[in-house]
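Inspection log for the structure reproduced underneath, given as structure tokens.
Being a predicted model, the structure only gives us computed values, none of them experimental.
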Amino acid sequence: MTPLSPFTGEFCNPAREAAFQGERLPESCRHARTLFILSAILNALFLISDWRFAGTPHFWVAIPARLTVVLWSLVCLSFSRRMTDFKAVERLCFIWQIVTAIGVAFLVSSRSDIAIFVLVMLPLVFYLVVPTSFRGNFGGGLGCGIALLIGYLSPAPLSPTTPGMILAVLMLHCGMWIAISRTNRLQRQEWLASQAAQEARAALASNSETLERMFMSVPIPLLVTRPDGTVVRFNDAAARAFGSDGDISRVHLLGEGAAAKASLRDQIATGEAVDNQECRIVGKDAVVHDVLLASRPIMVGGEECVLSSIVDITDRKEAERHLAHLAMTDALTGLANRSHFMATLAQAASATDRAGGQMAVVLIDVDEFKRINDSAGHDVGDALLCAVGERLRTAVRPGDLVARMGGDEFAVLLTRLRNASDLETILARMTAQLHQPLSHGARDVDCRVSMGVALFPEHAGDIADLMKFADIALYEAKNGGRGRACLFEPWLLERWQREARMLERARHALVHAPPAPWYQPKVDLATGAIIGFEALLRCVRADGTIIMPGEIAAAFEHSELGRTITDRMLAQVLADCRRWHEHGLDIGHVAINVPGVELHDSGFPDRLIAQLEKVGVPPSKIELEVTESVFLGRNAEVVERSLHRLSSAGISIALDDFGTGYASLSHLKQFPIDVIKIDQRFVRDLETDPDDAAIVRTLLNLAYSLNIRTVAEGVENVHQLDYLRAGGCHYAQCFHFGAAVPSAEVPALLGWHAAAISQIG
């Protein structure tokens, strides 16, 4: 509702008020001209009556005043032809009011009976007759009343009724203000009502045509049918879909198995409300369409009918099926993806539970895929993945599912396994297919895979454990040399859980018991002097207990934890070396273990050398200990380049636990090995076990021949020392010479050891 002013009764919105006045402009112009004409006529008649004042002083006041009013009314009448908008009407009427009020004010100075009538009547005319706005009516009436009151009261002496006259005039104007405000409000409310009525009539007049156009132009078929199914109306889209006659008796709905369930006409004729029911219909073109059917009962001309809409969603359903296929298919290989595999695995597990039998999950990882991808290019890598997928499809039986789980990992679901020989046959066929080289362009690409297998329900009764156990078996296949299949066994789970606990313990230690180097002395067997230390990892808890390296051994080869631990150890070792050098302590060298994850990173040597330069520690003060396992498997060439880079920078390389792993003698020639560390397992029993003594003697002779220094670990008594010294062993590292101590105790240890040697000397 448009707000009206409570004071004036006019619209508060200036634009709406202007529209109201603009619509009334012809009426206001006619009203103004009529007012000017009547004013001229009536005042001319009053001019005749004013001759009764002839011979009195008032005569010479009344005649000029009356003539002025008559003439001014005629002038305003002539100007009224130029009134083109309401503002012009308002201005002309206001000027007429001023002149008329002043002229009549002179006339009422006679204080005659007619003067009193005019004193009341003329302001009423200004309020009720003059076609202007509220300010024009109220201002003109009030101004006229004041002017007439002044003209009536100005001649002396004042009448005793003067106060009453003033109050009467005041009451008159208050009443007229209320009356004109109420009249304005009623006029505008009536105008608003008429506007709304006109709009409603216009909308009603166009409603039928609009609805008809809308009905016909809707791009989906619309049908209006009677309860018996006959078509009353149909739009253009329905005519295109069902024919110009709108006959839908031949259009059928399809149910299960694509059998005709009922005619579309019979479905609509039920009269039941249908909300977007998805169904399939066979139209007049005998083509099956997916549609959305909706029906509602309506009244048409007093007759009960049904309005139905039929939306063709064939393209949408086809797109949904395509998207569903994409969502369940690997884009590169066309195999099932992880989501599809897991859904099928769940269904197969339920079916196997009900029917009995056995099935297997095989997880497959392409060996050295990152190296192939990096060296040969991504196009070769993609071709290799596609070839693996195709070979797997060829190797498995019909009904077995092959999926790409992501990256270079594939999975196969083998169902309907009767016995172990079925599994072995399929695995052998898969291995034979997969291990054939791939020809791509002008090059042959080596293709090797590792496979992990878990059986349902023998190994696991639910799919989550089944996948986990297959993954554990795959991990074992990769760690055990690659290129082979490994069947899950319970001990693999135990080892995996043990390693998982180690990793969790390492993560906890990094936060609550940060790794710190403790230093165990290395002693020259010829002189007894300390020639260096090995930095051994210790994690000291808040309660003083210590986490030993063996308790977190799995963390050292973890891609993230191994680097984090090594970085912290190196930073602290270099800081300790720098501090000892500044205090003038000659500690020889410090050996530190480096895990394979660091040596597999080609950027490790440069980072370490940069750290040495930054801290100011000579490379000769650092010795890196590596195990034989870093020489094996993938990235062996990266390890070789890293070790040569470190050796050329002046850093010694020590081979730890030599003889206990898989290294061959060729590695001593291939890699820049400066030191061989004889494992304590050979040293501990060399007095009682001839085989251990023979191994130690052989290792010492080999090292002597290759000019490689040797360090014996685990020396416990003087007899072992004498044997090692006689065999030419250079150094020993053991509790016999001292346990590992924190960095703060190293200066005292050096001093005590130097004093002991002096006393012996």
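Counting heavy atoms from C-beta on, the side chains of Ile426 and Leu417 come closer than 4.5 Å. In this structure the side chain of His600 reaches within 4.5 angstrom of the side chain of Val639, judged on heavy atoms. Side-chain contact between Glu557 and Val597: present, with at least one pair of heavy atoms (C-beta onward) separated by less than 4.5 Å. Put simply, the side chain of Phe604 reaches to within 4.5 Å of the side chain of Leu646, judged on heavy atoms. Looking at heavy atoms from C-beta onward, Lys478 lies in side-chain contact with Asp365 at the 4.5 angstrom threshold. Side chains of Tyr475 and Leu363 form no contact here, defined as non-hydrogen atoms less than 4.5 Å apart. For the pair Arg404 and Leu385, the minimum side-chain heavy-atom distance is below 4.5 Å. Taking the side chain as every heavy atom from C-beta outward, Val573 and Tyr519 approach each other to under 4.5 Å.
Annotation for Ala555 and Ala506: closest pair CB-CB, 3.5 Å, computed over non-hydrogen atoms. A pairwise comparison of heavy atoms in Leu612 and Pro619 identifies CD1-CA, 4.0 Å as the closest pair. What you find for Phe410 and Leu392 is that their closest heavy atoms are CB-CD1, 3.9 Å. Of all the heavy atoms in Ser642 and Ser602, the pair that sits closest is OG-CA, 4.4 Å. Looking at every heavy atom in both residues, Ala703 comes nearest to Thr710 through CB-CG2, 3.2 Å. Here the closest heavy-atom approach between residue Gly550 and residue Met502 is recorded as O-CE, 3.5 Å.
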- Please lay out, stage by stage, how Arg578 and Glu582 fare under the test salt bridge (charged side-chain N to carboxylate O under 4.0 Å, His left out). CA-CA 6 Å; Arg578 179 63 186 173; Glu582 291 174 349; 3.1 Å; yes
- Query: Step by step, would you call Phe469 with His459 a ring pair (Phe, Tyr, Trp, His ring centres under 6.0 Å)?
  - Reply: CA-CA 8 Å; Phe469 295 164; His459 294 147; 7.6 Å; no
- Might you work through the side chain to side chain contact (heavy atoms under 4.5 Å, CB included) test for Cys577 and Val615, ending with a clear yes or no? CA-CA 9 Å; Cys577 290; Val615 178; over 6 Å; no
- After noting the C-alpha distance and the side-chain angles of Asp367 and Ser450, does the key distance pass the side-chain hydrogen bond (donor to acceptor under 3.5 Å, both in side chains) rule? CA-CA 7 Å; Asp367 295 337; Ser450 300; 2.8 Å; yes
- Under the side chain to side chain contact (heavy atoms under 4.5 Å, CB included) criterion, do Tyr731 and Val523 qualify, and how do the steps go? CA-CA 5 Å; Tyr731 314 119; Val523 176; over 6 Å; no
- Item | Evaluation steps, side-chain hydrogen bond (donor to acceptor under 3.5 Å, both in side chains), between Asp422 and Gln358 | CA-CA 11 Å; Asp422 283 353; Gln358 194 175 57; over 6 Å; no
- Query: For Asp692 and Arg681, what are the C-alpha separation, side-chain angles and deciding distance, and is it a salt bridge (charged side-chain N to carboxylate O under 4.0 Å, His left out)?
  - Reply: CA-CA 8 Å; Asp692 284 346; Arg681 281 174 287 184; over 6 Å; no
- Item | Full working for side chain to side chain contact (heavy atoms under 4.5 Å, CB included) between Val453 and Val361 | CA-CA 6 Å; Val453 187; Val361 167; over 6 Å; no
- Item | Derivation of the salt bridge (charged side-chain N to carboxylate O under 4.0 Å, His left out) call for Asp606 and Arg645 | CA-CA 8 Å; Asp606 290 332; Arg645 173 78 176 95; 3.1 Å; yes
- Take Leu503 and Arg507 through the side chain to side chain contact (heavy atoms under 4.5 Å, CB included) test and state the conclusion after the steps. CA-CA 6 Å; Leu503 296 179; Arg507 291 188 181 94; 3.6 Å; yes
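In this structure, Glu598 pairs ionically with Arg607, as a charged nitrogen and a carboxylate oxygen lie closer than 4.0 Å.
Here CG of Asn717 is found 4.5 Å from CD of Glu687. Values are rounded to the nearest 0.5 Å. In this structure, Leu466 CG and Leu455 CG are separated by 8.0 Å, a value rounded to the nearest 0.5 Å. Rounded to the nearest 0.5 Å, atoms CG (Leu414) and CG (Asp400) are 5.0 Å apart. Atom CD1 of Ile552 sits about 7.5 Å away from atom CG of Leu510, to the nearest 0.5 Å. Once rounded to the nearest 0.5 Å, the distance linking CD of Gln720 with CG of Leu686 reads 5.0 Å. For the atom pair Leu624 CG and His589 NE2, the distance stands at 10.5 Å (nearest 0.5 Å).
At most 12 non-hydrogen atoms from other residues, nucleotides or ligands lie less than 6.0 angstrom from CD of Glu560. For His644, the NE2 atom sits in a packed shell: over 12 heavy atoms of surrounding residues, nucleotides or ligands are nearer than 6.0 Å. Counting heavy atoms of neighbouring residues, nucleotides and ligands inside a 6.0 Å radius, atom CZ of Phe556 exceeds 12 of them. His512 NE2: more than 12 foreign heavy atoms inside a 6.0 Å radius. For CG of Asp586, the number of neighbouring non-hydrogen atoms (other residues, nucleotides, ligands) closer than 6.0 Å is 12 at most.
Without hydrogens or angle criteria, Glu409 side chain to Gly406 main chain gives no donor-acceptor distance under 3.5 Å. Judged purely by atom type and a 3.5 angstrom limit, Asp679 has no side-chain atom pairing as donor or acceptor with the backbone of Phe682. At least one donor-acceptor pair under 3.5 Å links the side chain of His583 to the backbone N or O of Arg579. Proximity of a side-chain donor or acceptor of Tyr704 to a complementary backbone N or O of Cys729 within less than 3.5 Å is not detected. Side chain of Thr566 to backbone of Arg563: no donor-acceptor contact under 3.5 angstrom is found. Under a 3.5 Å cut-off, the side chain of Asp471 and the backbone N or O of Met467 do not form any donor-acceptor pair. Not one N or O on the side chain of Arg541 forms a donor-acceptor pair closer than 3.5 Å with the backbone of Ala513. The closest donor-acceptor contact from the side chain of Asp674 to the backbone of Ala654 lies at 3.5 Å or more, if one exists at all. Proximity of a side-chain donor or acceptor of Arg709 to a complementary backbone N or O of His730 within less than 3.5 Å is not detected. Side-chain N or O atoms of His558 include one that pairs as donor or acceptor with a backbone N or O of Leu561 at under 3.5 Å.
None of Lys522, Glu713, Glu534 except one satisfies the side chain to side chain donor-acceptor pair (under 3.5 Å) rule with Gln733; the exception is Glu534. Of the candidates Met430, Arg448, Arg391, Arg448 is the only one forming a side chain to side chain contact (heavy atoms under 4.5 Å, CB included) with His435.
Defined by atom type and a distance below 3.5 Å, a donor-acceptor pair is missing between the side-chain atoms of Thr627 and Asp656.
In this structure, Trp580 and Phe533 have tilted ring planes: the angle between them lies in the 30° to 60° band.
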